[in-house]
Amino acid sequence: MSKIIVPKGTYDLLPDDTAKWRDLETKIHQIFSEYGYGEIRTPLFEHTELFQRGIGETTDIVEKEMFTFADRANRSLTLRPEGTASVVRAYLEHNLAGSGGVTKLYYYGPMFRCEAPQAGRFRQFSQYGAEVLGSLDPRVDAEVIALAVNFYRRLGITDLDVRLNSIGCPNCRPVYRSKLIERLRPKTGGLCSNCQRRLERNPLRLLDCKNPSCQDATADIPLITETLCAECGSHFEKLRILLDSIPINYHLDSRLVRGFDYYTKTVFEVLAGDLGAQNALCGGGRYDNLVEECGGNPTPGIGFAAGVERLLIVLESRKTSVFHPETPELYIAPLGEAAQLAVFPLLIKLREAGWKVESDFLGRSLKAQLKTADKMGVSLVGILGEDELQGRQILMRRMATSQQEMIPLDYDCIINFLKTEK
RNA sequence: GUGGGCGUAGCUCAGUUGGUUAGAGUGCCAGGUUGUGGCCCUGGAGGUCGUGGGUUCGAUUCCCAUCGCUCACCCCA
């Protein structure tokens with residue numbers, strides 16, 4: 001019988017890994033709380049239609065990367081490939097707009113895309129992200145970008161590439177779009193096959209094609225930021241003034257275009273050099289028409305999503321973050337069956353009192369037990385052999401100094417000893 | 001979906017121009033110390049050499065297929 005292993009693009013997190021993840025998760029919840037965001041948890045699957053309408057029918061994600069299946073009533077469901085569509089759905093479903101003002105939400109959890117796995121890319125992966133609904137003010141854009149970037153800074157990652165662009169709105173983007181098609185159509189032959197295909201459908205994407213010949217073809221095309229309508233232009237200008245007023249390094253990238261259809265105006269990405277081909281740590285932008293497209297009243301919004309696996313890769317490769325493994329505060333080494341029986345209730349009682357205590361369950365020699373305790377990094381070992389048991393005592397050994405002290409084998413005495421040693 | 005690289009011990013990897021019991025380091029277990037960790041010494045356990053088929057007297061080695069991992073294209077977090 002062949003061994004069963006994890007599905008492609010998924011992985012197990014073992015105890016050493018989960019310790020790091022939980023540490024990072026704590027920090028994620030903390031920064032969102034400090035910036036005034038409330039956590040939202042939506043289902044891991046939704047009606048397929050939500051993503052088709054929200055993300056866009058012609059995007060790669062919807063066309064070929066979703067895990068879609070039928071339920072027993074033959075309705076099409078899909079494992080969520082991203083977070084924004086679900087948040088908008090929930091925002092409308094629970095009429096969060098009704099409470100008035102700006103709604104600031106964040107999420108954290110697994111997403112699913114059926115792609116070929118690669119460095120920093122998995123089929124089940126984790127993202128955290130923010131969505132701010134109800135304000136068109138560029139201060140919101142700036143705050144969202146600041147939050148995204150400052151989180152990395154807190155973790156000690158400072159050499160990031162923050163890219164910013166505005167891709168306009170339904171008023172000005174079509175103008176740029178047709179201008180682009182007009183300029184590129186004569187050069188069609190020089191484009192890569194992919195770009196030839198998307199020239200008519202989604203010409204903006206040619207701008208960030210990595211193929212050298214496509215880059216040449218688009219080298220002298222006008223910048224989108226020069227053809228923005230008055231509203232988008234002024235919004236973008238205000239955003240830049242705000243970003244310049246806080247210590248965040250970014251640069252304008254007029255070729256930055258993102259893969260989802262719902263983006264309008266502001267788009268941004270944060271890139272890290274040490275991630276291989278999947279170099280985006282997070283990305284996001286404004287989506288002022290998405291809520292309306294999902295059936296709500298016209299409501300502006302902006303958000304971003306960040307990859308957790310990629311962040312951990314960067315943290316590991318730079319060793320900028322120190323994760324503290326939890327070491328027991330005491331290791332009790334019983335010698336012989338009588339001692340084992342005496343130690344067991346003590347072990348449970350100490351744990352219930354909140355102490356991290358370990359012991360031996362293999363009946364091994366004292367030497368082996370000390371070795372194990374040493375490996376765990378424990379600083380105190382309580383040794384209970386027959387002699388100690390007879391005298392109702394326990395020998396407390398300080399591993400760092402090899403100093404030993406006999407104390408009464410009594411719960412309160414041991415607690416007191418632990419407290420003074422701590 | 002396409003292309004490159006790789007699958008040998010828990011982990012990191014040697015190796016075999018086809019030949020008898022497949023190796024190292026590390027980790028693990030035990031002993032050296034009848035009850036004292038880190039250093040050292042000795043010994044031990046642990047492998048269907050990814051899987052299936054083919055060639056051959058004989059395959060971990062050669063051939064084919066397949067699966068998996070990985071990197072890149074693509075896309076994106």
Side-chain angles (χ1 to χ4, degrees), chain A residues 1-11 14 16 55 58-66 80-84 107-129 148 152 192-195 197-198 202 205 208-211 256-260 268-272 275-284 303-314 331 333-336 339 362 364-389 395-404:
Chain A
M1 191 137 101
S2 61
K3 240 192 291 183
I4 295 177
I5 59 173
V6 292
K8 186 194 275 284
T10 67
Y11 53 86
L14 303 180
D16 281 350
I55 303 171
T58 61
T59 57
D60 280 18
I61 289 188
V62 171
E63 273 183 349
K64 52 192 185 191
E65 294 172 3
M66 297 205 300
R80 64 180 187 190
E82 59 102 50
T84 303
Y107 58 83
Y108 168 80
M111 306 292 165
F112 307 85
R113 290 181 204 171
C114 192
E115 299 181 84
Q118 213 180 115
R121 188 166 81 189
F122 304 90
R123 288 187 171 185
Q124 177 179 332
F125 58 101
S126 289
Q127 285 188 333
Y128 62 89
Y152 300 124
C192 71
S193 56
N194 219 326
C195 285
R197 208 159 11 89
R198 57 191 177 191
N202 195 356
R205 293 214 56 85
D208 65 356
C209 181
K210 288 169 197 148
N211 191 308
L256 175 61
V257 177
R258 296 188 45 78
F260 299 155
F268 71 97
E269 260 177 19
V270 178
L271 273 42
L275 278 175
Q278 268 59 51
N279 58 359
L281 224 34
C282 77
F304 75 89
V308 175
E309 288 83 357
R310 292 180 187 183
L311 176 52
L312 282 163
I313 290 171
V314 171
Y331 185 97
L335 301 170
L362 292 171
R364 298 201 298 173
S365 68
L366 178 59
K367 177 177 171 163
Q369 295 195 53
L370 284 170
K371 207 169 175 178
T372 302
D374 185 49
K375 234 167 266 153
M376 289 177 176
V378 183
S379 54
L380 272 179
V381 175
I383 300 170
L384 191 73
E386 280 176 28
D387 298 347
E388 287 83 3
L389 199 54
L395 185 61
M396 302 302 285
R397 178 182 177 84
R398 301 181 183 88
M399 295 297 275
T401 59
S402 299
Q403 263 188 310
Q404 301 189 153

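A note on names: the letters A, B, ... follow the listed sequences, proteins ahead of strands, and every chain is numbered from 1.
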How far does the [atom1] atom of [N] sit from the matching atom of [M], given to the nearest Å?
{"N": "B/G19", "M": "B/G5", "atom1": "P", "result": "25 Å"}
{"N": "B/U70", "M": "B/G58", "atom1": "C1'", "result": "34 Å"}
{"N": "B/C62", "M": "B/G68", "atom1": "C1'", "result": "23 Å"}
{"N": "B/C28", "M": "B/C73", "atom1": "C1'", "result": "43 Å"}
{"N": "B/U55", "M": "B/A9", "atom1": "P", "result": "28 Å"}
{"N": "B/A45", "M": "B/G10", "atom1": "P", "result": "15 Å"}
{"N": "B/C71", "M": "B/G31", "atom1": "P", "result": "44 Å"}
{"N": "B/C67", "M": "B/G50", "atom1": "C1'", "result": "8 Å"}

For A/Arg113 and A/Phe125, what are the C-alpha separation, side-chain angles and deciding distance, and is it a side chain to side chain contact (heavy atoms under 4.5 Å, CB included)? CA-CA 8 Å; A/Arg113 290 181 204 171; A/Phe125 58 101; 3.7 Å; yes
Which part of the nucleic acid, if any, lies within reach of [X] when heavy atoms closer than 4.0 Å are counted: base, sugar-phosphate only, or nothing?
{"X": "A/Tyr331", "result": "nothing"}
{"X": "A/Arg364", "result": "sugar-phosphate"}
{"X": "A/Gly120", "result": "base"}
{"X": "A/Ala368", "result": "sugar-phosphate"}
{"X": "A/Glu388", "result": "base"}
{"X": "A/Lys367", "result": "base"}
{"X": "A/Leu311", "result": "nothing"}
{"X": "A/Ala373", "result": "nothing"}

Is there a donor-acceptor pair closer than 3.5 Å between any side-chain N or O of A/Arg123 and the backbone N or O of A/Glu115? yes
Between the side-chain atoms of [X] and the base atoms of [N], is any donor-acceptor pair under 3.5 Å?
{"X": "A/Lys375", "N": "B/G27", "value": "no"}
{"X": "A/Ser402", "N": "B/G38", "value": "yes"}
{"X": "A/Arg310", "N": "B/C76", "value": "yes"}
{"X": "A/Gln369", "N": "B/U36", "value": "no"}
{"X": "A/Arg121", "N": "B/A77", "value": "no"}

Strand partner of [N], provided both Watson-Crick or wobble distances fall under 3.5 Å:
{"N": "B/U56", "answer": "none"}
{"N": "B/U36", "answer": "none"}
{"N": "B/G10", "answer": "B/U26"}
{"N": "B/C74", "answer": "none"}
{"N": "B/U51", "answer": "B/A65"}

Can you figure out which of [options] approaches the side chain of [X] most closely?
{"X": "A/Glu65", "options": "B/C75, B/C76, B/G35", "value": "B/C75"}
{"X": "A/Gln118", "options": "B/G35, B/C73, B/C75", "value": "B/C73"}
{"X": "A/Glu309", "options": "B/G37, B/A77, B/U36", "value": "B/A77"}
{"X": "A/Arg113", "options": "B/A77, B/G38, B/G35", "value": "B/A77"}
{"X": "A/Ala119", "options": "B/G37, B/C71, B/G35", "value": "B/C71"}

Could you check A/Lys8 against A/Glu269 and say which one's nearest nucleotide on RNA chain B is further toward the 5' end? A/Lys8
Between A/Glu115 and A/Pro7, which has a closest nucleotide on RNA chain B that is more 5'? A/Pro7
Please report the distance, rounded to the nearest Å, between [atom1] in [X] and [atom2] in [N].
{"X": "A/Asn279", "N": "B/A72", "atom1": "CG", "atom2": "C1'", "result": "13 Å"}
{"X": "A/Arg397", "N": "B/G38", "atom1": "CZ", "atom2": "P", "result": "10 Å"}
{"X": "A/Glu63", "N": "B/C75", "atom1": "CD", "atom2": "P", "result": "12 Å"}
{"X": "A/Lys371", "N": "B/G32", "atom1": "NZ", "atom2": "P", "result": "13 Å"}
{"X": "A/Tyr152", "N": "B/A77", "atom1": "OH", "atom2": "P", "result": "11 Å"}
{"X": "A/Phe304", "N": "B/C76", "atom1": "CZ", "atom2": "C1'", "result": "16 Å"}
{"X": "A/Arg123", "N": "B/C69", "atom1": "CZ", "atom2": "P", "result": "8 Å"}
{"X": "A/Leu366", "N": "B/G31", "atom1": "CG", "atom2": "P", "result": "12 Å"}

With a sphere of 6.0 Å drawn around CD of A/Gln404, does it hold more than 12 non-hydrogen atoms of other residues, nucleotides or ligands? yes
Check whether any side-chain nitrogen or oxygen of A/Arg80 sits under 4.0 Å from OP1 or OP2 of B/A77, and answer yes or no. no
Mind checking the CG-CG spacing from A/Leu384 to A/Leu395? Nearest 0.5 Å is all I need. 9.5 Å
Non-hydrogen atoms of A/Tyr107 and A/Ala305 that approach each other most closely: OH-CB, 3.5 Å
Minimum heavy-atom distance between A/Met399 and A/Leu380, given as atom pair plus value: CG-N, 4.5 Å
A/Val6 side chain reached by A/Tyr11 side chain, heavy atoms, under 4.5 Å: no
